[in-house]
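Fair warning: this is a prediction, and the values are worked out from it, not measured in the lab. For the numbers below, each heavy atom of this structure counts, side chains included, while hydrogens, waters and symmetry mates do not. In what follows, every chain begins at residue 1, and chains take the letters A, B, ... in the order their sequences are listed.
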2 protein chains.
Amino acid sequence: MHSPKRMLFLDLVLSVFRLNGLLIAEGDDMTEALGLTSARWKVIGVIALANSGLTVPGIARVLGQSRQAVQRITDVMVTDGLLSYQSNPKHKRSVLVLLTEEGRAAYKDLRDVQDPWAIQNTEDIPIEDLDAGLRLVRRLIQKFDK
Amino acid sequence: MHSPKRMLFLDLVLSVFRLNGLLIAEGDDMTEALGLTSARWKVIGVIALANSGLTVPGIARVLGQSRQAVQRITDVMVTDGLLSYQSNPKHKRSVLVLLTEEGRAAYKDLRDVQDPWAIQNTEDIPIEDLDAGLRLVRRLIQKFDK
DNA sequence: TGTTAAATGACAACATACTGACATAGATCA
DNA sequence: TGATCTATGTCAGTATGTTGTCATTTAACA
């Protein structure tokens, strides 16, 4: 039967798809002047937020994407001077991905447009709602992440 | 400053990206035996859930995608016999997209795997949490949708 | 009504992402 | 230790999705 709970869940799934597309479009608009694209600010954001060094597959895991897709982006970004690879003492082949000086500057520019955007879009949403939503999303991520 | 609210929001955005990727992977695994792909079951799902006839740009709006991307998928699906185009009395050029007999059978198969999946993944989540999460996602969608 | 703006189909170019496959490095465990 | 399984880099092919452009249809409106 079409239980309310099941319909709610399927509705939530479709809505997440839609929100995902809208968020990428928002980010692209926001960073157009910075010469960034969605694939690039996603990677920059993940690296900047990580305390320790991340490998390419590590970034892919955080983003829920294939390691090959991330590898392709990071290779181009290294060529463009935003990222650099550093030898990894823990793994002979899997290098660490770091922000270069230029990459850190790009992250600063990113934050300069992202922060007002985040503030503007949450000013009428209670922090408790955001927190509860994040907890639900994380709970679902845990279910599906292997 | 890194206000908690802003960090929460950015964390939520990244988490939505990740959940989106995981959900698509889940759906692809689930429908692999049915010969469907994520792009296809999204379209089938939208048409099946719509009461009235939808046009290609209409489907695109529901999914938050470009009409060109949807057009390409539906063209292939018409060739494969899952969908059919029907002349639209309200618009000379923009036809309506309908499920064929085969398309309806595919939707039934889709539901047969999707329903247990939905039930299984929500059994330990209170319906109030799902409802609150859906409301938050919709609230954000409204913000970004135009 | 006539003009203008918006929506749509069609086509092209490009960006992004997934899967598969293979070789090598690392981890696990008997 | 040695065998086996997993993780990673790399390359190739394919699917998905975006943007841009142009012609045509539809809608809006002065």
Heavy-atom pair with the smallest gap, counting every atom of [X] and [Y]:
X	Y	result
Ala48(B)	Leu99(B)	CB-CD1, 4.2 Å
Leu82(A)	Arg40(A)	CD1-NH1, 3.8 Å
Arg139(A)	Pro126(B)	NH1-CD, 4.2 Å
Ala118(B)	Arg6(A)	CB-CG, 3.4 Å

Roughly, in whole Å, what's the span from [atom1] in [X] to [atom2] in [N]?
X	N	atom1	atom2	answer
Ile73(B)	dT18(D)	CD1	P	11 Å
Gln71(A)	dA17(C)	CD	C1'	14 Å
Ile59(B)	dT16(D)	CD1	C1'	16 Å
Trp41(A)	dT16(C)	CH2	P	11 Å
Lys92(A)	dT24(C)	NZ	P	13 Å
His91(B)	dT24(D)	NE2	C1'	9 Å
Asp75(A)	dA15(C)	CG	P	15 Å
Ile24(A)	dT18(D)	CD1	P	8 Å

- Query: Less than 4.0 Å between a side-chain N and a carboxylate O, is that true for Asp129(B) and Arg135(A)?
  - Reply: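 Salt bridge: no.
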- Message: By the 4.0 Å heavy-atom rule, please label Thr37(A) as base, sugar-phosphate, or nothing.
- Response: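 Sugar-phosphate contact only.
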- Task: Looking at every strand, decide which applies to Val95(B) at a 4.0 Å heavy-atom threshold: base, sugar-phosphate, or nothing.
- Result: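 Sugar-phosphate contact only - Val95(B) comes under 4.0 Å of backbone atoms but never of a base.
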- Message: Looking at Ala69(B), is its backbone amide N or carbonyl O close enough to the side chain of Ser66(B) to form a donor-acceptor pair, meaning the two atoms are under 3.5 Å apart?
- Response: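 Side chain of Ser66(B) to backbone of Ala69(B): a pair is present.
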- Does dG9(C) have OP1 or OP2 sitting under 4.0 Å from an N or O in the side chain of Ser94(B)?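 Checking dG9(C) against Ser94(B), a side-chain N or O does come within under 4.0 Å of OP1 or OP2.
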- Message: Quick check on contacts: within residues 60-69 of chain A, what sits under 4.0 Å from DNA chain D by heavy-atom distance?
- Response: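 When residues 60-69 of chain A is checked for heavy atoms under 4.0 Å from DNA chain D, the hits, listed by number, are Arg61(A), Arg67(A), Gln68(A).
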